[in-house]
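Each ligand, and each atom within it, is numbered from 1 in the order the structure gives.
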Amino acid sequence: MYDQNDTIYALASGLGVAGVAVIRISGAECLTILKKLTTIKKPEPNRAYYATLSLDGTILDKALVLYFHTPHSFTGEDILELQVHGGRGVVQAVCNALSSFKHCRPAERGEFSRRAVINGKMDLTEAEGLLDLIHAETEQQRRQAFAQMDGNLSKLYESWREKLVHHLAYAEAFIDFPEEDIPHEKEQEINSDIQALIDQIQAHLNDERRGERLREGFQIAILGAPNVGKSSLINALTHKEVAIVSQIAGTTRDIVEAHLDVDGFPVILADTAGLRESAEQIEAEGIRRAVKKAEQADLILFVQDATLPKVQKLPKVLLEKRVITIWNKKDLVKRKKTQQGHYISAKTGAGVTALWDEIKQILHDFASNGAVITRERYRVALNECVASLQSAMKAGALELKTEDLRMATRALGRITGRIEVDELLDVIFRDFCIGK
Ligand SMILES: Nc1nc2c(ncn2[C@@H]2O[C@H](COP(=O)(O)OP(=O)(O)OP(=O)(O)O)[C@@H](O)[C@H]2O)c(=O)[nH]1
Ligand SMILES: [Mg+2]
């Protein structure tokens with residue numbers, strides 16, 4: 001394990017040729033480093049200095065230098081930011097110079113954020129929001145990540161946890177002083193609070209995985225019998241030759257995916273092998289994958305051939321899914337629109353815009369303004385919390401109820417990374433006169 005007392009440094013901007021590169025240094029050695037590399041002796045925090053960086057008589061670069069004084073920095077430690085010229089040679093020279101200082105080493109992955117969490121600058125959900133923000137590729141992903149980094153989940157989970165800590169502290173106090181009975185109204189108040197919390201968390205959990213979907217991409221699978229025009233449709237929807245189109249039934253075997261940014265939503269559109277009974281081994285494997293893909297999808301575009309009298313049925317496992325039925329090859333049929341769904345021609349492009357409009361509507365309905373669960377980790381902990389709260393509702397003895405409340409509190413604490421022991425004591429001493 002690496003030493004947490006070390007001063008760490010890293011290139012904070014991207015690697016490669018650029019106008020400016022930012023090298024960030026965090027830890028107790030910052031001032032020593034600054035004094036050695038520049039002529040600045042007493043830096044004023046949060047001020048930009050233009051300085052020549054040199055070590056042992058060798059000039060490294062001219063840089064913009066910023067100093068942040070502990071605890072008012074990203075990590076909570078002293079921080080130096082060197083904005084140097086963005087060439088590899090410059091960055092290398094400055095990093096080499098930094099490595100020559102005692103107790104100073106390159107940072108590990110995520111170590112700056114880790115220190116920020118340890119020093120209470122942000123909690124785990126905010127750190128994860130920051131990570132998502134760095135990886136956000138579309139506008140909606142950016143919004144969600146920013147809100148999380150800004151503390152929307154943190155505030156929600158902390159408000160729940162604080163409520164539990166409060167009741168827990170109260171219950172513990174009565175266990176410690178068994179000669180006093182917990183007042184009946186107080187017990188009722190605790191129970192109704194717990195029930196309200198169960199309802200709130202369950203409503204929060206019941207979100208169709210919106211947050212996770214937005215992080216990972218909204219999955220749309222194109223499904224249907226062979227030759228109905230699925231590959232033609234993916235090409236029409238993306239305006240690209242993504243998949244091979246041919247009049248031979250069974251052309252597509254593997255899944256062909258296209259990644260799109262649709263109104264700021266990340267969308268993964270998948271073309272699949274045509275579904276049919278009599279398929280040889282390789283095609284049969286393709287069909288198995290097609291159905292699996294559709295099972296995982298958030299939306300299925302079920303394509304039918306409008307020229308054929310026979311209507312295809314969706315496989316049973318997919319009956320619960322969100323489906324848009326599409327009647328393709330409408331350029332070949334004269335008869336009036338009778339079936340529910342979209343009549344389109346993947347070949348001429350007729351009806352494709354209207355189809356996109358419906359898909360976009362679904363995406364926008366799916367987007368949520370509130371705080372949403374963005375990681376499986378939160379979902380697991382929230383489910384554990386609900387289970388413990390439900391158990392607390394049923395518990396007869398105060399000791400058992402207390403234990404359940406403790407478990408529930410811990411489950412929430414695991415999400416944000418906050419542990420309750422000290423706080424519990426704080427609440428006890430603040431809200432109760434134990435020494436009476
Ligand atoms: N006239 C007309 N022909 C179409 C249309 N869409 C697709 N086709 C034709 O139908 C044939 C099959 O199209 P594909 O897109 O390869 O069909 P598929 O559903 O991907 O077929 P498999 O991959 O075999 O499952 C090709 O000859 C296409 O040119 C359409 O809207 N109108
Ligand atoms: Mg195909």
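- Close approach of ligand 1 to Ala346 is summarised as follows: ligand atoms under 4.0 Å from at least one heavy atom of the residue are 6 (N), 31 (O).
- The protein heavy-atom contact nearest to atom 6 (N) of ligand 1 is Asn328 ND2, 3.1 Å.
- Under a 4.0 Å N-O distance rule, the pair Lys329/Asp305 qualifies as a salt bridge.
- Only the side chain of Leu332 comes within contact range of ligand 1, with a heavy atom under 4.0 Å; no backbone atom does.
- Contact annotation: Ser231 places an N, O or S atom under 2.8 Å from the Mg ion (ligand 2).
- Within a 6.0 Å sphere centred on CD of Glu137, other residues, nucleotides and ligands contribute 12 heavy atoms or fewer.
- Of all the atoms in ligand 1, the ones that sit under 4.0 Å from a non-hydrogen atom of Gly274 are 25 (O).
- Atoms of ligand 1 found under 4.0 Å from any heavy atom of Lys230 (numbered from 1 in listed order, with element): 15 (O), 17 (O), 18 (P), 19 (O), 20 (O), 21 (O), 22 (P), 25 (O).
- With a 4.0 Å cut-off on non-hydrogen atoms, Val245 touches ligand 1 through its backbone as well as its side chain.
- Of all atoms in ligand 1, numbered sequentially from 1 with element shown, those under 4.0 Å from a heavy atom of Ser345 are 30 (C), 31 (O), 32 (N).
- Counting all heavy atoms, side chain and backbone alike, Leu237 lies closest to Val352 at CD2-CG1, 3.9 Å.
- Residue contacts with ligand 1 for Ala243 are absent, since no atom lies close enough (heavy atoms, distance under 4.0 Å).
- Close approach of ligand 1 to Lys347 (heavy-atom distance below 4.0 Å) involves ligand atoms 1 (N), 2 (C), 3 (N), 5 (C), 30 (C), 31 (O), 32 (N).
- Aromatic ring centres of His204 and Tyr378 lie farther apart than the 6.0 Å criterion allows.
- Here Ala249 has backbone heavy atoms under 4.0 Å from ligand 1, and that is the only part of it that gets that close.
- Taking the charged nitrogens against the carboxylate oxygens, Lys163 and Asp193 have no contact shorter than 4.0 Å, which rules out a salt bridge.
- Few gaps surround CZ on Phe101; more than 12 heavy atoms of other groups in view lie less than 6.0 Å from it.
- With ligand atoms numbered from 1 in the order given, ligand 1 contributes 1 (N), 2 (C), 30 (C), 31 (O), 32 (N) to contacts under 4.0 Å with heavy atoms of Asp331.
- Between Asp254 and Arg289 a salt bridge is recorded (basic side-chain N to carboxylate O distance below 4.0 Å).
- Listed by chain and number, the residues in a side chain to side chain contact (heavy atoms under 4.5 Å, CB included) with Ala28 amount to none (sequence neighbours excluded).
- Judged purely by distance below 3.5 Å, without hydrogens or angles, the side chains of Gln148 and Thr374 pair a donor atom with an acceptor atom.
- The single protein non-hydrogen atom nearest to atom 8 (N) of ligand 1 is Lys329 CE, 3.8 Å, given as residue, atom name and distance.
- Per-residue contacts place Ile248 under 4.0 angstrom from the following atoms of ligand 1 (heavy atoms of the residue considered): 24 (O).
- Heavy-atom contacts of Ser246 reach the following atoms of ligand 1: 11 (C), 12 (C), 13 (O), 16 (O), 26 (C), 27 (O) (cutoff under 4.0 Å).
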Requested in this report: Let me see the working for Leu130 and Ser113 under side-chain contact (heavy atoms from CB on, under 4.5 Å), right down to the final yes or no.
Outcome: CA-CA 9 Å; Leu130 170 64; Ser113 302; 3.8 Å; yes
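- Taken to the nearest 0.5 Å, the OG atom of Ser54 stands 11.5 Å off from the NZ atom of Lys62.
- Scanning the protein for heavy atoms near atom 13 (O) of ligand 1, the closest one is Ser232 OG, 3.6 Å.
- A salt bridge links Arg406 and Glu403; the closest N-O separation between the charged side-chain nitrogens and carboxylate oxygens is under 4.0 Å.
- When hydrogens are left out, the protein atom nearest atom 17 (O) of ligand 1 is Gly229 N, 3.2 Å; that is the closest non-hydrogen contact.
- Between Lys155 and Glu158 there is no salt bridge, since no side-chain nitrogen of the basic residue lies less than 4.0 Å from a carboxylate oxygen of the acidic one.
- Polar contact check, Ser231 against ligand 1: a nitrogen or oxygen pair lies under 3.5 Å apart.
- Not a single N/O/S atom of Ser232, whether from backbone or side chain, sits less than 2.8 Å from the Mg ion (ligand 2).
- Residue contacts with ligand 1, taken as heavy atom pairs separated by less than 4.0 Å, involve Asn227 via backbone and side-chain atoms alike.
- With a 4.0 Å cut-off on non-hydrogen atoms, Leu233 does not touch ligand 1 at all.
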